[in-house]
Structures are given as C-alpha cells and as structure tokens.
Amino acid sequence: MKKKYYITTPLYYVNSDPHIGHAYTTMAADILARHLRMKNREAFLQTGTDEHGSNIEKTAIEKNIPPKQWCDEISSHFRVLWETLGIKYDYFIRTTDSLHEQAVQAVFEKLIKSGDIYKGEYEGLYCKSCEAFYTENELQDGKCPIHHKPVDALKEESYFFRLSKYQDQLLKYYEEHPDFLAPSYRAKELVNFVKSGLTDLSVSRTKVNWGIPVKSDPRHTIYVWFDALLNYITGRGYNPEHISADFNEYWPADVHLVGKEIFRFHGVIWPAMLMALGLDLPKQVYAHGWWTVNGDKMSKSTGNFIKAEDVVAEYGLDAIRYFTFREVTFGQDGDFSMEAFKRRYNSDLANDLGNLFSRIINMANKNLNERLPEDPSSKIYAELAALTGKIDNSIETLQFSDALETIWTAISGLNKIVADRKPWEMAKKDPEALPGFLNELIWCLRLIASWIEPFMPSTAEAMKIHLGAKKAIADGEKVKPLFPRKA
Ligand code: MSP
C-alpha cells in the first residue's frame with residue numbers, strides 16, 4: 001500500500017455564493033497538489049461544502065426554497081467556480097451526502113458508548129454566524145469577535161464532547177510535533193488557549209432542524225462543526241462500523257489547509273475528536289490569513305467581496321492564481337485591490353514573463369531550424385536549474401510567494417541577459433553565435449514553464465506548445481502574447 005499525499009480544504013458554507021476568500025484556500029490546495037503530481041507523488045485533494053445548520057436553514061426559508069434544494073444550488077456554484085479556476089480536485093464531499101451522514105451518526109453513537117459524549121445542559125453565548133459558542137472573555141465589546149454582531153444567551157439540553165479530557169494529551173502532542181500547527185506564529189495563541197483550560201463542547205442542538213439527527217435520540221441534531229470536521233475521514237471511507245479497505249492510503253492527512261479563523265476548530269477540537277476515535281492525527285494544520293478589501297475581511301455577509309469569476313473574465317485564470325499567491329505571504333493577511341492586481345499583471349506578467357517569452361520565441365522562429373534544440377547543457381541553464389530545489393522546497397512548505405519571487409528573480413535575470421547580449425543585433429554581427437544563444441534561452445523558458453505550471457497551468461501549457469520539439473508557428477508569424485497589456 002502506498003500512502004497518498006492527502007490535502008484538504010475546509011468545507012465551504014452554502015449560505016452564499018463563493019468569493020475570492022474561498023477560492024484562495026482551494027487554489028492553494030490545488031497548487032500544492034499539482035506540484036506534487038509533477039514530482040510523481042500521488043496527491044489527493046478533497047474539498048466540498050458544509051450544508052447543515054441554522055444559518056443555511058434560515059437562508060433557505062428566506063428564499064422560500066427547501067434547504068436541500070438551496071444546498072444543491074449553491075454547492076454546484078462552488079463546483080463551477082473550481083472548474084473556472086482550474087482546480088483539479090479528486091473528491092467533492094457534501095455534508096448532506098448519505099454516506100457522510102451515516103458515518104457521522106455512527107461516530108456519535110460510538111463516542112456515547114465510550115463515554116466521550118454525554119448528555120447535559122448548555123448555557124452559553126452563541127453567535128449564529130459562526131455557529132459557535134463564546135465565553136464572556138472572548139467577546140469584543142460584548143459582541144462576536146469575528147462578526148461584531150450581538151450574541152444570544154442560549155440554554156438547552158445538549159450532548160457534550162469531553163474536550164477537557166484531552167487537554168494534556170493535546171499539549172503533549174503539540175510539544176512532540178512542532179510542525180503540527182503552522183505557521184508557528186499562529187500556533188502560540190492556540191497552545192495558550194489550550195493551556196488556559198478546555199471546557200467540554202456542546203455537540204448537539206434541539207433547536208436546529210436542519211442537521212444530522214442523533215440516532216439514539218433524534219430530538220437532537222448534531223452540531224455543524226462536529227458534523228463537518230468528520231468529512232476529512234468520512235470522505236475517505238471511514239465509518240466506525242465499517243472502515244473502507246483503502247482508508248489508510250489517505251489517512252492521516254498530510255495537510256489541512258484552513259483560514260486563521262477556523263484554526264482552533266482544526267487545531268484543538270478536531271485532534272481531540274480523532275484521539276477519542278483512536279485515529280492518528282493529521283501531519284499538519286496550516287492556517288492562512290484573510291483577504292481584506294479596504295482593511296475589512298472580504299465577506300459575502302458584509303457585501304465586501306470580489307468575485308473570482310469577474311477577475312477571471314477580465315484578466316484570465318492564471319493572473320488571479322498568480323496574484324493571490326505572489327502578493328501576500330501565505331499565512332498573513334492581505335488587501336485585495338484591483339489597482340495592485342493590474343499593476344502586477346502589467347509588470348510581472350505582461351512585461352517580465354510575457355515579453356521575455358515573445359521575444360525569445362519570435363527570434364527562435366526567425367533564426368532556428370524547424371527542429372528546436374535538444375541540448376540543455378549551458379551555463380545559463382545550469383545556473384537557473386540550480387534554483388529548482390529552492391522553489392520546490394518553498395512550495396512544499398507552503399511559502400508560495402517565496403517560490404514565485406525566486407522564479408521572477410530568474411525571469412528578471414534572463415531579461416537582463418537578453419537586453420545585454422541583444423540577440424537581434426547578434427543576427428547581423430555574430431550570426432554563428434545566435435543559434436547557440438537562442439538554444440540556451442529556449443531551454444531556460446522550458447524550465448520556467450515547468451516552475452510556473454502548478455501556479456499557472458494554462459500559461460505553462462501555452463508556453464510549452466511553442467517550446468516543443470517543433471516550431472508551432474509558421475515563418476513570418478508572431479507569437480500571441482501570453483498576457484496582453486491592460487490599459
Ligand atoms: N464551514 C466552515 C469550515 C468547516 S471545515 C470542516 C467554514 N466555512 S467558510 O465558508 O466560512 O470558510 C471556508 C474557508 O474560506 C476558510 O478557510 C476561510 O478562512 C476561507 N475564507 C473565507 N473568507 C476569507 C477571506 N476573506 N480571506 C481568506 N480566506 C477566507 O468556515
């Protein structure tokens with residue numbers, strides 16, 4: 001059995017259509033998966049939608065549509081967007097899938113039996129938008145720290161997950177696995193939260209209809225987070241009553257990619273649930289930052305968002321995949337502005353990469369034979385190829401902006417070499433040396449195309465067509481620009 005490299009994204013809520021914030025986590029997962037596949041590693045990417053809970057039920061009621069029908073519709077919008085963004089996922093899970101629902105119910109019963117889930121009464125402050133309870137201390141000015149909306153005081157019969165029991169085990173795990181919570185600057189806060197003392201978690205509701213019923217007590221539905229977190233294993237064939245034969249080919253996951261606001265669910269609650277089930281923990285939970293617009297979190301509910309489709313329609317798919325991972329370090333917050341987008345598009349893509357490519361291809365088309373060169377042995381190429389390890393390492397440690405920076409330093413270096421050696425003058429002054437020089441440059445472009453492929457698959461493809469064994473355009477024709485300049 002060969003373990004696959006298992007990458008997950010969070011499951012997206014279906015209360016509204018996706019925006020760039022959602023696309024971000026999924027594009028990151030896709031870039032990593034594509035990179036690994038290029039290295040002949042078997043990567044498996046699971047994504048999907050989180051469809052239960054009072055928020056979604058409320059939205060569906062407002063729209064006068066049965067909840068499941070609403071979920072079908074919005075869930076399909078996510079899938080269409082992933083298509084538009086060139087995301088090659090391997091499995092799309094919905095929390096309304098019956099296999100998932102059955103597995104969640106079976107997990108709940110198993111933990112009732114083991115004593116990790118017990119019945120009690122809950123009194124607390126609940127934020128409907130987060131679908132989460134807060135303590136008094138966690139509120140900001142008496143309001144939800146994320147949505148800045150009032151919270152509701154709730155009291156109800158509830159099942160509890162014995163989270164407190166796992167406090168020491170979690171702390172020990174964090175200590176022994178320093179890479180588990182990443183980036184490290186986000187881990188500290190989470191570890192301190194656990195150290196400050198964990199209380200048991202309410203994991204069922206009697207007031208929420210749109211949820212998975214507790215099998216042995218169907219007046220209760222299962223708390224959405226308890227339901228949704230389990231997707232990472234149910235989607236790979238885990239059900240405590242019958243674990244699929246290939247489950248261990250996927251589990252433990254190599255990385256759960258999440259946004260910083262859901263780090264705690266993934267770094268505290270989820271590992272405790274896995275401990276209770278006697279399963280291994282994922283190798284890493286990596287929390288990225290937020291895209292903001294004018295400083296505020298991009299979010300559909302505040303109307304402060306940019307649709308990825310609109311950007312793709314204007315600038316093409318690869319430009320958005322480039323910009324979001326070049327502009328901001330993966331882990332930090334960043335402001336999304338169309339001015340910055342256009343600036344990078346024109347300077348990095350149209351100018352640096354686009355011009356380098358067109359210049360070399362047009363020169364090669366004019367001056368090389370029908371068959372393009374086959375020998376990569378040259379100093380310029382060797383110097384460039386030496387960067388491959390560094391780029392690979394940046395991608396594998398999710399430092400996407402570092403990888404792109406290294407690639408663009410190489411592109412600038414090549415542009416400088418071309419500007420210094422002026423192949424267009426060489427054609428007249430030193431025609432013997434020209435084919436050799438162009439040969440070197442073609443090989444360098446091949447390398448660049450392979451480096452950018454996980455980020456910009458269509459551009460890499462377009463480049464490769466012209467860098468193949470044969471010339472792809474007729475004599476006298478000019479190659480189409482990769483990135484037409486925007487006024
Ligand atoms: N349904 C839960 C996750 C359950 S996982 C078992 C959820 N859904 S969400 O739709 O609200 O968010 C999903 C992901 O989108 C999160 O990783 C979140 O950080 C990301 N983003 C949503 N808005 C974002 C930005 N403005 N910026 C960056 N990413 C953000 O949470």
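Source: prediction; values computed, not measured. In each ligand, atom 1 is the first atom listed, and ligand 1 is the first ligand listed.
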Does the ring of [Y] carry [X] above it, NZ/CZ under 6.0 angstrom from centre and within 45° of its axis?
X      : Y      : answer
Arg236 : Tyr91  : yes
Arg205 : Tyr223 : yes
Lys3   : Tyr250 : no
Arg186 : Phe263 : no
Lys260 : Trp290 : yes

Using a 4.0 Å cutoff against the non-hydrogen atoms of [X], which atoms of ligand 1 qualify?
X      : value
Gly289 : 28 (C)
Met298 : 23 (N), 25 (C), 26 (N)
Val258 : 17 (O)
Ala228 : 6 (C)
Asp50  : 1 (N), 2 (C), 4 (C)

Report the part of Phe265 (side chain from C-beta onward, or backbone N, CA, C, O) that has a heavy atom under 4.0 Å from ligand 1; answer both or neither where that applies.
neither

Backbone, side chain, both or neither: what part of Trp225 comes under 4.0 angstrom of ligand 1, heavy atoms only?
side chain

Looking only at protein heavy atoms, which one is nearest to [atom], and how far off is it?
atom                    : value
atom 13 (C) of ligand 1 : Tyr12 CD2, 3.4 Å
atom 10 (O) of ligand 1 : Tyr13 N, 3.2 Å
atom 18 (C) of ligand 1 : Glu261 OE2, 3.2 Å
atom 23 (N) of ligand 1 : His19 CE1, 3.4 Å
atom 2 (C) of ligand 1  : Leu11 O, 3.4 Å
atom 22 (C) of ligand 1 : His22 CD2, 3.9 Å
atom 17 (O) of ligand 1 : Gly259 N, 2.9 Å

So does [X] pair up with [Y], basic N to acidic O under 4.0 Å?
X      : Y      : result
Lys128 : Asp152 : yes
Asp254 : Lys283 : yes
Arg94  : Glu51  : yes

Going by the angle between their ring planes, with limits at 30° and 60°, are Trp291 and Phe336 parallel, tilted or perpendicular?
perpendicular

In terms of heavy-atom contacts, does CD of Glu261 have more than 12 from other residues, nucleotides or ligands at under 6.0 Å?
yes

Which of these, Gly21, Gly334, Gly48, has its nearest heavy atom closest to atom 30 (C) of ligand 1?
Gly21

Tell me, please: is Phe305 in heavy-atom contact with ligand 1, that is, under 4.0 Å?
no

Report yes if [X] has an N/O atom closer than 3.5 Å to an N/O atom of ligand 1; otherwise report no.
X      : answer
Trp291 : yes
Ile262 : no
Trp290 : no

Any donor-acceptor N or O pair under 3.5 Å, side chains Ser164, Asp200
yes

Which is it for Cys130 and Cys144 under the side-chain contact (heavy atoms from CB on, under 4.5 Å) test, yes or no, and what are the steps along the way?
CA-CA 9 Å; Cys130 298; Cys144 161; 3.7 Å; yes

